[in-house]
Amino acid sequence: MGGAHGAHGALALGAPGAPGAHLGVNLPALRSHNTALVLDLLRTAGAEGISRLELAERTGLTPQAVSKITARLREDGLAAEAGRRASTGGKPRTVLRLVPEAGHAVGVHLDRDELRAVLVDLDGTVVAERNASLDLGAGAEAVLARVAGVVEALRPEPAGATRSPLGVGVALPGPLDHERGVLHRVTGFPEWDGFPLRDALAGRLGVPVVVDKDTNAAALGLAVGGEGGSFAYLHLGTGLGAGLVIGGSVHRGPRTGAGEFGHQVVQLDGPPCGCGDRGCVEALCLGAVARGETDEAARVLGAGAANLVGLLDIDRVLLGGRTIETAPETFVRGVRAVLDARSRRTGDTAVPVRIASGPGLGVAEGAAHLVLAPVFGRGDG
């Protein structure tokens with residue numbers, strides 16, 4: 001997507017403030033699609049590694065091309081030998097592995113009342129994190145200063161040398177323009193409308209920045225973590241939204257506005273919502289939660305999920321978020337009951353519902369993958 005392209009382009013060109021001078025990594029090499037394919041295979045091979053011959057077979061590249069790419073990756077410290085493996089004939093093959101600590105990315109989750117930031121290595125493993133209170137309505141200057149302070153505290157400093165992260169992914173409530181990194185009327189905080197968050201933060205931090213909705217970031221993290229097929233990730237915290245993954249890729253739509261799940265009207269002339277409409281799923285759901293009616297909140301969430309299943313015919317529904325975590329079984333049971341009732345009416349197979357799970361699950365972790373995904377040849381970032 002556009003936002004990812006901006007981050008990837010800055011890395012590739014070694015733009016001012018980009019990490020090339022600090023990391024000692026030949027970042028122009030990351031521009032190559034073929035290099036990204038090799039890096040991704042090295043990452044998925046894990047500590048056991050993969051041979052150059054296997055890399056050539058699985059990428060379709062010539063052995064000579066693979067040798068050039070891997071030599072450059074080794075020179076840059078991104079790849080290293082992982083031992084030797086017996087072959088069917090001739091001398092044993094040298095296997096290579098990714099060096100996760102050779103690069104890092106920062107993921108930031110800006111919620112309405114708190115901030116969580118993580119530093120992850122190239123494997124996506126969290127190596128440090130920070131949590132801080134936040135008032136998203138305190139104004140741009142206060143929020144930017146808060147984010148900058150937390151990100152600076154997370155910068156990796158191995159062997160006493162200051163190293164910049166590859167970039168910073170920022171996830172927050174929508175709606176927003178992912179391609180330009182510009183916020184729209186964030187629900188409950190219309191004063192953010194039109195604010196160029198990506199450019200403002202990039203200028204302050206001196207590294208590339210990618211901005212996306214919290215739900216998209218979490219969905220990307222799930223997809224990178226192995227959640228396959230097409231699914232909807234429904235996130236209920238201080239607000240309600242959805243991250244949609246269709247055919248393995250995050251679906252944002254041509255205006256990057258897809259996933260405003262919480263603002264589908266399900267009750268005409270219902271209670272007012274922060275978006276300015278009435279009877280939205282978010283208003284009804286959060287209202288039930290505030291009254292302590294968790295079963296009712298789950299039923300409302302199920303009604304919205306049923307609409308989504310009917311529209312997109314997805315494989316599964318995954319639930320997450322602060323409010324879900326307070327009563328996970330109740331929400332799964334309630335949403336499943338609505339979807340099961342729908343399947344009985346339509347004759348379709350019931351769509352499974354479960355709590356989202358996986359390594360590094362979280363909005364902040366997903367935000368870090370907004371930076372890492374293009375490096376490994378995934379366009380989802």
Side-chain angles (χ1 to χ4, degrees), residues 1-9 36 40 43-44 105 107-110 118 120 124 166-184 197-198 208-237 239-264 304-305 308-309 311-321 351 356-381:
M1 305 299 293
H5 178 76
H8 197 185
D40 193 44
R43 180 177 60 164
T44 54
V108 179
H109 178 198
L110 299 182
V118 297
V120 307
L166 295 173
V168 177
V170 180
L172 71 162
L176 54 80
D177 185 330
H178 167 66
E179 292 188 351
R180 296 190 301 129
V182 174
L183 306 188
H184 294 323
L197 181 62
R198 182 187 68 189
V209 173
V210 188
V211 173
D212 206 350
K213 290 196 294 190
D214 46 11
T215 49
N216 286 344
L220 173 60
L222 287 165
V224 170
E227 194 71 56
S230 301
F231 63 87
Y233 168 71
L234 308 185
H235 185 94
L236 180 60
L240 173 61
L244 306 174
V245 173
I246 308 297
S249 298
V250 176
H251 175 71
R252 296 184 177 92
R255 290 170 296 280
T256 73
E260 288 298 309
F261 170 83
H263 302 297
Q264 54 175 306
L308 201 55
V309 168
L311 285 169
L312 299 178
D313 192 23
I314 51 180
D315 296 322
R316 73 197 75 89
V317 172
L318 306 178
L319 307 180
V351 173
S357 61
L361 172 67
V363 174
E365 287 86 349
H369 282 293
L370 292 168
V371 174
L372 293 180
V375 174
F376 293 97
R378 294 184 62 110
D380 306 89

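The structure presented is a predicted model; accordingly, all values stated were derived computationally and were not measured.
Note: Leu311 CG to Leu244 CG = 10.5 Å, rounded to the nearest 0.5 Å. Here the CG atom belonging to Leu197 is positioned 8.5 Å from the CG atom belonging to Leu176, to the nearest 0.5 angstrom. Here Leu312 contributes atom CG and Ile246 contributes atom CD1; the two are 5.0 Å apart, rounded to the nearest 0.5 Å. Put simply, CG on Leu220 and CG on Asp212 are 8.0 Å apart, with the number rounded to the nearest 0.5 Å. A distance of 5.5 Å separates CG of Leu234 from CG of Leu319, quoted to the nearest 0.5 Å. The OG1 atom of Thr215 lies 8.5 Å from the OH atom of Tyr233; values are rounded to the nearest 0.5 Å.
Considering every non-hydrogen atom in both Ala36 and Gly377, the closest pair reads CB-N, 3.5 Å. Of all heavy-atom pairs between Ala232 and Leu308, the closest is CB-CD2, 3.6 Å.
Salt-bridge check for Lys213 with Glu260: passed, with a basic side-chain N closer than 4.0 Å to an acidic carboxylate O.
Although no hydrogens or angles enter the test, the distance criterion places a donor-acceptor pair under 3.5 Å between the side chain of Asp315 and the main chain of Ser230. The backbone N or O of Glu179 lies less than 3.5 Å from a partner atom in the side chain of Arg198, making a donor-acceptor pair.
Between Val168 and Val371 there is no side-chain heavy-atom pair separated by less than 4.5 Å.
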